[in-house]
Amino acid sequence: MASELWVRKRASSSAAGTQRRFDRLRRIQGLDPERDYEEIFRLVTAYEFPWDYWQSVALAFFRTFAIPSISALLDETGEIVGHTQKRTDDTLLIMYEMGRMGLESPEGRAYLRRMNQMHRRYVISNDDHTYIIALFIVVPVRWINRFGWRRLTLHEQRALTHYGRRLAQLMGIKDVPATFADFDQFAQSYERRHFAVTSSSRRLAEAAMAITADMLPKSLRGPLKPVMRRFSLAILDDALLHAVGLPLPSERDRRLATWLVRTRGRILRVLPPRPDNRPHRPALATYPNGHQISEIGPAWLTDGTADEHNNTVKEDRP
């Protein structure tokens, strides 16, 4: 409550022209999180916290490796281990484009259909699907509140939750949690019951860790690859590391990684906000020159060998 009041105070000072960094927050606070959740989602992810949000989405995806039923499926497909970069980029790209275009728009629905086509070939339980959606809501909120240049307001948190609920409905997920607290409780309970290290979780985690240096310029990837691995380990919690068979970092590495990411947030806080004409666009190694929807997904989908069942996507509508 205290942080919420503090943010409102800064937003009020922005209205007087004394703090431009908070201008967009004032705009967000004027929107309805139950009706305008897509616009709030876009402002949060494309302008207010683009790096934080998409970094945390990647971490949310990594977290699924610790659930044996999910890791076994992902390992069986061979996409994570055999095509790690493309599989990661495809996930981020679909999430990004649905948010940019809007879940209700024809363009957004095209990306949704592509995602459903990728999933429909496999048997995924409703609980696993619910857990994944919960992670895409809960992990970004946790990350931003810990490392962002400001905390998310309850207003923004509610909007991100409504966005996730709508996405879950369009994916055909049943018994979707109603509130952020419900999603958080579901995710924590699911992890307590299911987190376990397996050969699949180890393979997936090592494959993902192997591409952590790819975000750097090519000339630096070799020398800094061990540093990036240590940094990545240091921002993951012990329970997750145990469940994917990765070693625990030193306390020194944890403190340094936390300091670096929080310092980035403090620096952003005093810098001008991202201009309206420069929304965040992900730089994906798989698609350096842009993409077509038909290029997204595994080979069996992109080469046209998907069967008719996989090409027919049902969308839940209100």
Side-chain angles (χ1 to χ4, degrees), residues 1-57 60 95-105 108 133-169 176-185 187 261-262 264-282 318:
M1 179 62 71
S3 63
E4 188 84 4
L5 292 174
W6 178 84
V7 169
R8 289 178 185 173
K9 180 179 178 181
R10 297 305 298 262
S12 297
S13 67
S14 171
T18 59
Q19 181 54 265
R20 293 180 58 83
R21 195 65 174 94
F22 286 79
D23 284 351
R24 194 170 282 117
L25 173 60
R26 180 163 55 88
R27 176 180 170 188
I28 290 172
Q29 294 295 89
L31 297 171
D32 184 339
E34 295 187 11
R35 183 190 65 228
D36 306 318
Y37 56 84
E38 286 196 280
E39 176 65 6
I40 295 174
F41 179 88
R42 187 181 68 84
L43 292 172
V44 168
T45 62
Y47 293 98
E48 291 286 89
F49 304 100
W51 183 85
D52 294 283
Y53 182 82
W54 295 108
Q55 180 74 17
S56 60
V57 164
M95 296 291 288
Y96 167 79
E97 292 291 358
M98 286 192 299
R100 183 172 75 93
M101 301 291 189
L103 294 175
E104 313 302 336
S105 70
I133 289 293
L135 290 184
F136 286 137
I137 296 171
V138 172
V139 174
V141 172
R142 289 178 185 167
W143 175 281
I144 291 170
N145 286 346
R146 185 181 180 194
F147 297 121
W149 63 270
R150 64 169 175 84
R151 293 175 64 85
L152 288 170
T153 66
L154 295 178
H155 195 80
E156 293 167 315
Q157 187 172 292
R158 283 194 292 268
L160 296 185
T161 302
H162 281 294
Y163 182 92
R165 279 178 51 79
R166 180 56 178 153
L167 177 58
Q169 291 168 0
V176 181
T179 67
F180 177 84
D182 292 338
F183 276 110
D184 193 14
Q185 182 179 15
V261 185
R262 284 181 171 166
R264 172 190 173 274
R266 294 186 186 105
I267 292 172
L268 280 180
R269 185 181 183 81
V270 299
L271 294 178
R274 180 180 287 268
D276 287 343
N277 63 354
R278 287 186 54 205
H280 167 76
R281 296 187 183 279

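FYI, side chains are in, hydrogens and waters are out, and symmetry mates aren't considered; it's all heavy atoms of this structure.
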Notebook entry, point to check: Taking all atoms of both residues into account, what is the closest heavy-atom pair of Leu135 and Ala60, and its distance?
Noted result: CD1-O, 3.4 Å
Margin query: Would Val57 and Thr45 count as a side-chain contact (heavy atoms from CB on, under 4.5 Å) here? Give the steps.
Written below: CA-CA 11 Å; Val57 164; Thr45 62; over 6 Å; no
Next item on the list: Output all residues satisfying salt bridge (charged side-chain N to carboxylate O under 4.0 Å, His left out) with Asp32, sequence neighbours left out; order by chain, then residue number.
Entry: Arg35
Check: Quick one: CZ on Phe180 to CD on Gln157, what's the gap to the nearest 0.5 Å?
Finding: 4.5 Å
Margin query: Within the structure provided, determine whether Arg20 and Asp23 are in side-chain contact (heavy-atom separation under 4.5 Å).
Written below: yes
Notebook entry, point to check: Where the side chain of Tyr37 meets the backbone of Arg158, is there a donor-acceptor pair that is under 3.5 Å apart?
Noted result: no
Next item on the list: Quick one: closest heavy-atom pair of Phe183 and Pro177, and the distance?
Entry: CE1-O, 3.4 Å
Check: Quick one: CD1 on Ile137 to OG on Ser56, what's the gap to the nearest 0.5 Å?
Finding: 12.0 Å
Item checked: Glu38 side-chain N/O to Leu103 backbone N/O, donor-acceptor pair under 3.5 Å -> yes
Item checked: Set of ring pair (Phe, Tyr, Trp, His ring centres under 6.0 Å) partners for Phe147, sequence neighbours left out -> Trp143
Margin query: Is any side-chain heavy atom of Ile267 closer than 4.5 Å to one of Trp149?
Written below: no
Next item on the list: Indicate yes or no for a side-chain donor-acceptor contact from Glu156 to the backbone of Thr153 under 3.5 Å, with no hydrogens or angles considered.
Entry: yes
Margin query: Pro50: which residues meet the side chain to side chain contact (heavy atoms under 4.5 Å, CB included) condition with it, sequence neighbours left out?
Written below: Arg274, His280
Item checked: Straight-line distance of Phe136 CZ to Leu160 CG, nearest 0.5 Å -> 13.5 Å
Margin query: When you measure from the side chain of His155 to the backbone of Leu31, do you find a donor-acceptor pair of N or O atoms at a distance under 3.5 Å?
Written below: yes
Checklist line | Which residues share a ring pair (Phe, Tyr, Trp, His ring centres under 6.0 Å) with Phe41, sequence neighbours left out | finding: Tyr53, Tyr163
Checklist line | Under 3.5 Å donor-acceptor, Asp184 side chain and Val138 backbone | finding: no
Notebook entry, point to check: What pairs with Arg146 under salt bridge (charged side-chain N to carboxylate O under 4.0 Å, His left out), at least two apart in sequence or on another chain?
Noted result: none
Margin query: Evaluate Glu48 against Arg27 for salt bridge (charged side-chain N to carboxylate O under 4.0 Å, His left out), listing each step before the verdict.
Written below: CA-CA 12 Å; Glu48 291 286 89; Arg27 176 180 170 188; over 6 Å; no
Notebook entry, point to check: Could you state the interatomic distance from OG1 (Thr161) to CD1 (Ile133), rounded to the nearest 0.5 Å?
Noted result: 12.0 Å
Notebook entry, point to check: Is there a donor in the side chain of Gln169 and an acceptor in the side chain of Arg166, or the other way round, less than 3.5 Å apart?
Noted result: yes
Next item on the list: Could you tell me whether the side chain of Leu268 reaches within less than 4.5 Å of the side chain of Phe49, counting heavy atoms only?
Entry: no
Note to self: Please check this pair: side chain of Arg100 against backbone of Arg42, looking for a donor-acceptor N/O pair closer than 3.5 Å.
What the structure shows: no
Next item on the list: Decide yes or no for Val261 and Gln55: does some side-chain heavy atom of the first lie under 4.5 Å from some side-chain heavy atom of the second?
Entry: no
Item checked: With Arg264 via salt bridge (charged side-chain N to carboxylate O under 4.0 Å, His left out) - residues at least two apart -> Asp52
Note to self: Just verifying a value: how many Å separate His162 NE2 and Ile40 CD1, rounded to the nearest 0.5 Å?
What the structure shows: 9.0 Å
Next item on the list: Might you point out which heavy atoms bring Arg24 and Pro273 nearest each other, and give the distance in Å?
Entry: NH1-CB, 4.1 Å
